[in-house]
Amino acid sequence: MRNYIALLALSCATPAAAKPIAFQNGVTMMAEYGAGTMLETQAFYAPQYWYSVGAGYLRLEDEDRTFTRDIPYARANLLVKRWNTPGAQANVFAYGGLGAARGSDFEGTELATNAGLQFDAESLRWYGSAKVDWQRSDEFDHRIDTAQLGIAPYKHDYNKLATWVVLQGRHYTGGLYDGIEAAVLLRFFRGPLWVEAGVTNDGYPQAMVMFNY
């Protein structure tokens, strides 16, 4: 019984890594701005704890501002595996969907596919995550790889403010960005609301807001 209570408290208190599935019958809404290269919004509904469905919009722009991609899409998310211990939790998610892409360097609208994998592990004091996201059509092929390491300076309860210091590394393919884009972020959440903001190694702002209900 003690382990169950600790596990329940952990699942409620530590949404340290952005997840496409919050809980059964839950809705997740997210918006992220990434250093002028990426802007994404998403909304998902989870009929069951292990899958969710919804839609999103992704805008990509290369660092030299020579081309853009605009991709509205529909997507399904699947919880592949979850590990629970009295003091930590880990998850593997997979997702995929279809979109209609437009770009500044090609004409018309192209069918686009998107797919990805995400792994995250967390406790009340630390977390790590790795995510791979593919966007592909006949006109482009982009992959965004993101790794994060977070440390909480203090333990927190569900209805109290949680604070995290997050180091992030991100790699883009398909001519979006040359090299590894690094960022330092401050993340705050309380209950269903999460806000983070920081700056990249190039001096560009990065921010995300997420709400679960």
Side-chain angles (χ1 to χ4, degrees), residues 1-32 40 42-56 75-97 114-134 144-170 183-196 198 208-213:
M1 181 66 176
R2 181 180 302 173
N3 286 353
Y4 174 78
I5 295 174
L7 186 59
L8 179 62
L10 177 69
S11 65
C12 292
T14 59
K19 296 177 174 64
I21 307 170
F23 45 80
Q24 184 172 342
N25 293 322
V27 174
T28 298
M29 303 181 70
M30 185 272 288
E32 180 179 5
E40 187 167 27
Q42 296 177 334
F44 297 117
Y45 169 69
Q48 301 290 333
Y49 79 92
W50 54 271
Y51 82 96
S52 67
V53 292
R75 175 180 292 176
N77 308 289
L78 175 68
L79 174 62
V80 178
K81 180 69 176 179
R82 172 168 288 162
W83 297 267
N84 285 313
T85 72
Q89 183 185 94
N91 306 277
V92 176
F93 296 96
Y95 55 85
N114 64 80
L117 289 170
Q118 176 178 324
F119 170 79
D120 60 75
E122 59 195 272
S123 73
L124 291 173
R125 295 298 300 270
W126 58 264
Y127 94 96
S129 67
K131 181 180 178 181
V132 180
D133 186 82
W134 289 277
I144 304 173
D145 304 328
T146 305
Q148 292 186 330
L149 176 64
I151 299 174
Y154 59 90
K155 291 184 179 181
H156 58 276
D157 296 323
Y158 175 70
N159 49 349
K160 294 183 179 180
L161 180 67
T163 304
W164 294 81
V165 179
V166 180
L167 303 178
Q168 176 179 284
R170 181 168 278 169
V184 179
L185 308 168
L186 284 178
R187 178 177 298 167
F188 306 95
F189 63 84
R190 182 174 181 176
L193 179 64
W194 161 6
V195 177
E196 74 177 26
M208 176 187 285
V209 61
M210 185 175 70
F211 187 72
N212 296 309
Y213 65 92

Query raised in the report: Above 12 or not: heavy atoms from other molecules or residues under 6.0 Å from OH of Y49?
Result: no
Requested in this report: Quick one: closest heavy-atom pair of R125 and P153, and the distance?
Outcome: NH2-O, 3.3 Å
Query raised in the report: M210 and side-chain contact (heavy atoms from CB on, under 4.5 Å): which partner among M30, K19, M29?
Result: M30
Report summary line: Residue set satisfying side-chain contact (heavy atoms from CB on, under 4.5 Å) with V165, at least two apart, ordered chain then number -> L186
Query raised in the report: Roughly how far, to the nearest 0.5 Å, is NZ of K81 from CG of N91?
Result: 11.0 Å
Query - Counterpart residues, side-chain contact (heavy atoms from CB on, under 4.5 Å), relative to D145 (two or more places apart) - result: V132, R143, H171
**Report entry** Inter-residue atom distance L161.CG - F188.CZ, 0.5 Å rounding
**Finding:** 7.0 Å
Report task. Calculate, to the nearest 0.5 Å, the distance between atoms OG1 and CZ belonging to T28 and F23 respectively. Result -> 7.0 Å
Query raised in the report: Does F211 have any ring pair (Phe, Tyr, Trp, His ring centres under 6.0 Å) partners at least two apart in sequence or in another chain, and if so, which?
Result: Y213
Query raised in the report: Taking C-beta and beyond as the side chain, do E196 and W164 meet within less than 4.5 Å on heavy atoms?
Result: no
Report summary line: Residue set satisfying side-chain contact (heavy atoms from CB on, under 4.5 Å) with A31, at least two apart, ordered chain then number -> T41, V209
**Report entry** Audit row: L167, V184, side-chain contact (heavy atoms from CB on, under 4.5 Å) steps and yes/no
**Finding:** CA-CA 5 Å; L167 303 178; V184 179; 3.9 Å; yes
Query raised in the report: By side-chain contact (heavy atoms from CB on, under 4.5 Å), which residues pair with A183, not counting sequence neighbours?
Result: Q168, L185, T200, Q206
Query raised in the report: Near I151 CD1, under 6.0 Å, is it more than 12 heavy atoms from other residues, nucleotides or ligands?
Result: no
Query - Minimal non-hydrogen separation, P47 against S52, with atom names - result: CD-CA, 4.3 Å
Query - By salt bridge (Lys or Arg N to Asp or Glu O under 4.0 Å) - contacts of E40 (at least two apart) - result: none
Report task. Dump the intermediate steps for side-chain contact (heavy atoms from CB on, under 4.5 Å) on L78 and W50, then the final yes or no. Result -> CA-CA 6 Å; L78 175 68; W50 54 271; 3.6 Å; yes
Query raised in the report: Could you state the interatomic distance from CZ (R82) to CD1 (I21), rounded to the nearest 0.5 Å?
Result: 7.5 Å
Report task. Please check if any side-chain donor atom of Y95 sits under 3.5 Å from a side-chain acceptor atom of D133, or the reverse. Result -> yes
Report task. Taking only Lys NZ, Arg NE, NH1 and NH2, and the carboxylate oxygens of Asp or Glu, determine whether E32 and R170 approach each other closer than 4.0 Å. Result -> yes
Requested in this report: Evaluate the side-chain contact (heavy atoms from CB on, under 4.5 Å) criterion for residues R187 and Y127: first the C-alpha distance (whole Å), next the side-chain angles of each, then the deciding distance (0.1 Å), finally the verdict.
Outcome: CA-CA 12 Å; R187 178 177 298 167; Y127 94 96; 2.7 Å; yes
Requested in this report: Please report the shortest heavy-atom distance between A90 and F119, naming the atom on each side.
Outcome: CB-CE1, 4.2 Å
**Report entry** Minimum heavy-atom distance between A121 and W126, given as atom pair plus value
**Finding:** O-CZ3, 3.5 Å
